[in-house]
Amino acid sequence: MTKANKVLFITQEIKPYLPSSEMAVVGRTLPQSIQESGKEIRTFMPKWGNINERRNQLHEVIRLSGMNIIIDDTDHPLIIKVASIQAARMQVYFIDNDDYFQHMASTDVADAEEENDERAIFYSRSVLETVKKLRWSPDIVHCHGWVSALVPLYIKKSYNEEPSYRNSKIVYSLYGGALNNRFPASFRDKLIIKGVSADDVKCCGDETGVSINDLSKLAIDYSDGIILHGDNIAPEVMEYLDKSGKPYIKYEDTPEFIDKCNQLYEQVS
């Protein structure tokens with residue numbers, strides 16, 4: 001069994017960069033607590049358009065920026081920014097792109113009619129490529145929110161031979177609610193890159209499109225452990241999780257939860 005000493009957090013929201021929500025608070029407190037328990041961490045989130053760069057002292061990391069992520073035969077430039085939460089002694093990397101994040105506030109994205117499919121693809125692949133550039137190999141990759149839901153698929157199918165991820169295990173934090181619209185059926189075709197086949201994503205939605213529940217099921221398929229947040233997880237997703245046999249725990253806003261989280265990390269490792 002590999003000891004889980006390095007944890008990569010791929011998060012949708014973090015306080016204080018965004019207004020308080022359950023996910024933003026967890027995104028702020030959980031990495032700090034895991035770091036204080038003795039683990040080495042890296043933390044990523046999107047650079048949503050409603051994040052004030054000047055007030056939060058974000059600056060671009062030139063050596064990490066400059067890549068292009070190809071989605072549906074189109075190049076999309078990747079910009080990496082970084083800031084620090086001094087009180088937590090925690091650094092946060094931001095994934096930025098003019099098309100997918102700069103113009104879109106985090107509070108508006110749930111109702112967006114377009115781009116959420118490519119937004120999730122761009123974010124997931126951008127984080128994985130950036131961590132490769134950092135030459136850092138996480139033992140645990142802990143994903144939060146629908147925008148990170150493709151990371152388990154990509155690590156297990158496309159990045160599984162990469163030195164950075166060869167031994168990585170994945171924990172997915174599942175939150176109730178999320179998007180109010182469906183992804184188009186073309187989403188499944190856009191997911192296909194080297195290592196990912198049509199068969200790998202055939203369970204994700206149908207010809208009418210892909211729902212947030214379909215996306216959650218895909219994340220469950222390729223994760224090693226699950227954490228449930230809140231009481232409004234869709235019944236069909238809970239049933240799917242139970243049938244999967246994957247270990248899961250429920251989030252608790254208590255100091256004892258950190259021990260349970262670390263135990264889950266060790267269990268899946």
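Only heavy atoms go into these numbers, but all of them, side chains included; no hydrogens, no water, no symmetry mates.
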Exercise. Mark yes or no for whether Arg166, through its side chain, and Glu161, through its backbone, hold a donor-acceptor pair below 3.5 Å.
Key: yes
Quiz item: Do Glu13 and Trp48 get their side chains close enough for a donor-acceptor pair, meaning under 3.5 Å?
Solution: no
Quiz prompt | Gap between atom CD of Glu162 and atom OH of Tyr154 - 0.5 Å precision | solution = 14.5 Å
Self-check item: Nearest heavy atoms of Leu215 and Ala149, plus distance in Å
Solution: CG-CB, 3.7 Å
Practice problem: Evaluate the side-chain proximity of Phe9 to Val141: yes if any heavy-atom separation is below 4.5 Å, no if none is. | Solution: no
Quiz item: Within a strict 4.5 Å, meaning less than it, do heavy atoms of the Asn97 and Tyr123 side chains meet?
Solution: no
Exercise. Please determine, by modelled atom types, if Ser197 and Asp199 share a side-chain donor-acceptor pair under 3.5 angstrom.
Key: no
Quiz prompt | Donor-acceptor pair, side chain of Ser84 and main chain of Gln86, under 3.5 angstrom | solution = no
Exercise. Look only at the side chain of Ser148 and the backbone of Gly145, and say whether a donor-acceptor pair between them is shorter than 3.5 Å.
Key: yes
Quiz item: Taking NZ, NE, NH1 and NH2 as the nitrogens, is one of them in Glu53 or Arg55 under 4.0 Å from a carboxylate oxygen of the other?
Solution: no
Exercise. Examine distances only and state if a side-chain atom of Gln12 and a backbone atom of Trp146 form a donor-acceptor pair shorter than 3.5 Å.
Key: yes
Quiz item: How about Gln57: does its CD atom have over 12 heavy atoms from other parts shown lying under 6.0 Å from it?
Solution: no
Quiz prompt | Which atom of Lys39 lies closest to which atom of Val7, heavy atoms considered | solution = CD-CG2, 3.8 Å
Quiz item: Between Ile170 and Pro152, what is the shortest heavy-atom contact and its length?
Solution: CD1-CA, 3.5 Å
Quiz item: Are Glu22 and Tyr175 close enough that a side-chain donor and a side-chain acceptor fall under 3.5 Å?
Solution: no
Practice problem: Search all heavy atoms of Lys15 against all heavy atoms of Ile85 and return the closest pair with its distance. | Solution: O-CD1, 4.1 Å
Practice problem: Take Leu78 and Asp96 through the test side chain to side chain contact (heavy atoms under 4.5 Å, CB included) and record every step on the way to the result. | Solution: CA-CA 6 Å; Leu78 167 60; Asp96 199 3; over 6 Å; no
Quiz item: Does Ile79 belong to the same Ile/Leu/Val/Met/Phe/Trp/Tyr cluster as Val131, with side-chain heavy atoms less than 4.5 Å apart forming each link?
Solution: no
Quiz prompt | Any donor-acceptor pair under 3.5 Å from Ser168 side chain to Pro138 backbone | solution = yes
Practice problem: Give the C-alpha distance, both sets of side-chain angles, the deciding distance and a yes or no for side chain to side chain contact (heavy atoms under 4.5 Å, CB included) between Ile62 and Leu64. | Solution: CA-CA 5 Å; Ile62 302 297; Leu64 297 177; over 6 Å; no
Quiz prompt | Value rounded to 0.5 Å, distance of CD1 in Ile14 from NE2 in His144 | solution = 9.0 Å
Quiz item: Would you say the side chain of Ser269 lies within less than 4.5 Å of the side chain of Ile140, judging by non-hydrogen atoms?
Solution: yes
Quiz item: Do Met45 and Ile10 pass the side chain to side chain contact (heavy atoms under 4.5 Å, CB included) test, and can you show the C-alpha distance, the side-chain angles, and the key distance before you say yes or no?
Solution: CA-CA 6 Å; Met45 71 173 291; Ile10 305 178; over 6 Å; no
Quiz item: Can you check whether Leu128's main-chain N or O pairs, donor with acceptor, with Tyr165's side chain at less than 3.5 Å?
Solution: yes
Quiz item: Does the side chain of Val26 come within less than 4.5 Å of His229's, by heavy atoms?
Solution: yes
Exercise. Determine, stepwise, if the pair Leu191 / Ile121 fulfils side chain to side chain contact (heavy atoms under 4.5 Å, CB included).
Key: CA-CA 7 Å; Leu191 292 178; Ile121 294 170; 3.8 Å; yes
Quiz prompt | Rounded distance [0.5 Å steps], CG in Asn52 versus CG in Leu58 | solution = 9.0 Å
Practice problem: Taking atom CG of Asp253 as the centre, report whether more than 12 heavy atoms of other residues, nucleotides or ligands fall under 6.0 Å from it. | Solution: no
Quiz prompt | Closest non-hydrogen atom pair, Pro46 against Val147 | solution = CG-CG1, 4.3 Å
Quiz item: Does the gap between the ring centers of Tyr17 and Phe94 come in under 6.0 Å?
Solution: yes
Quiz item: Honestly curious: do Met67 and Trp136 fall in one hydrophobic cluster under the side-chain, below-4.5 Å linking rule?
Solution: yes
Quiz item: Does the gap between the ring centers of Tyr265 and His142 come in under 6.0 Å?
Solution: yes
Exercise. With rounding to the nearest 0.5 Å, note down the distance linking CD in Glu60 to OG in Ser65.
Key: 3.5 Å
Quiz prompt | Residue pairs, two or more places apart or on separate chains, that pass salt bridge (charged side-chain N to carboxylate O under 4.0 Å, His left out) and touch residues 212-236 | solution = Lys156-Asp224, Lys217-Glu236
Exercise. Taking side-chain hydrogen bond (donor to acceptor under 3.5 Å, both in side chains) as the test, write out the residues that go with Tyr251, two or more places apart.
Key: none
Quiz prompt | Side-chain (Ser223) to main-chain (Ile226) donor-acceptor, under 3.5 angstrom | solution = no
Quiz item: Roughly how far, to the nearest 0.5 Å, is the CD atom of Glu118 from the OG1 atom of Thr74?
Solution: 7.0 Å
Quiz item: Val171 versus Leu264: any side-chain heavy-atom pair under 4.5 Å?
Solution: yes
Self-check item: Salt bridge present between Asp139 and Lys6 (N-O < 4.0 angstrom)
Solution: no
Quiz item: For the atom pair OG1 (Thr43) and OH (Tyr93), what is the distance rounded to the nearest 0.5 Å?
Solution: 9.5 Å
Quiz item: Can you get from Ile80 to Ile70 by hopping between Ile, Leu, Val, Met, Phe, Trp and Tyr side chains that sit under 4.5 Å apart?
Solution: no
Quiz item: Do Ile227 and Phe257 come close enough that some side-chain heavy atom pair is under 4.5 Å?
Solution: yes
Quiz item: Does the side chain of Arg125 reach to within under 4.5 Å of the side chain of Ile193, using non-hydrogen atoms?
Solution: yes
Practice problem: Ignoring hydrogens and angles, state whether a donor on the side chain of Asn213 or Tyr240 is under 3.5 Å from an acceptor on the partner side chain. | Solution: no
Quiz prompt | Flag side-chain contact, heavy atom, 4.5 Å: Lys81 against Ile95 | solution = no
Quiz item: Ala87 and Arg28: which non-hydrogen atoms are nearest, and at how many Å?
Solution: CB-NH2, 4.4 Å
Quiz item: Tyr100 vs His76 aromatic rings, parallel, tilted or perpendicular, using cut-offs 30° and 60°?
Solution: tilted
Quiz item: For Glu239, what residues pass the salt bridge (charged side-chain N to carboxylate O under 4.0 Å, His left out) criterion, not counting sequence neighbours?
Solution: Lys243
Quiz item: Can you find a side-chain donor-acceptor pair between Gln267 and Gln263 that sits under 3.5 Å?
Solution: no
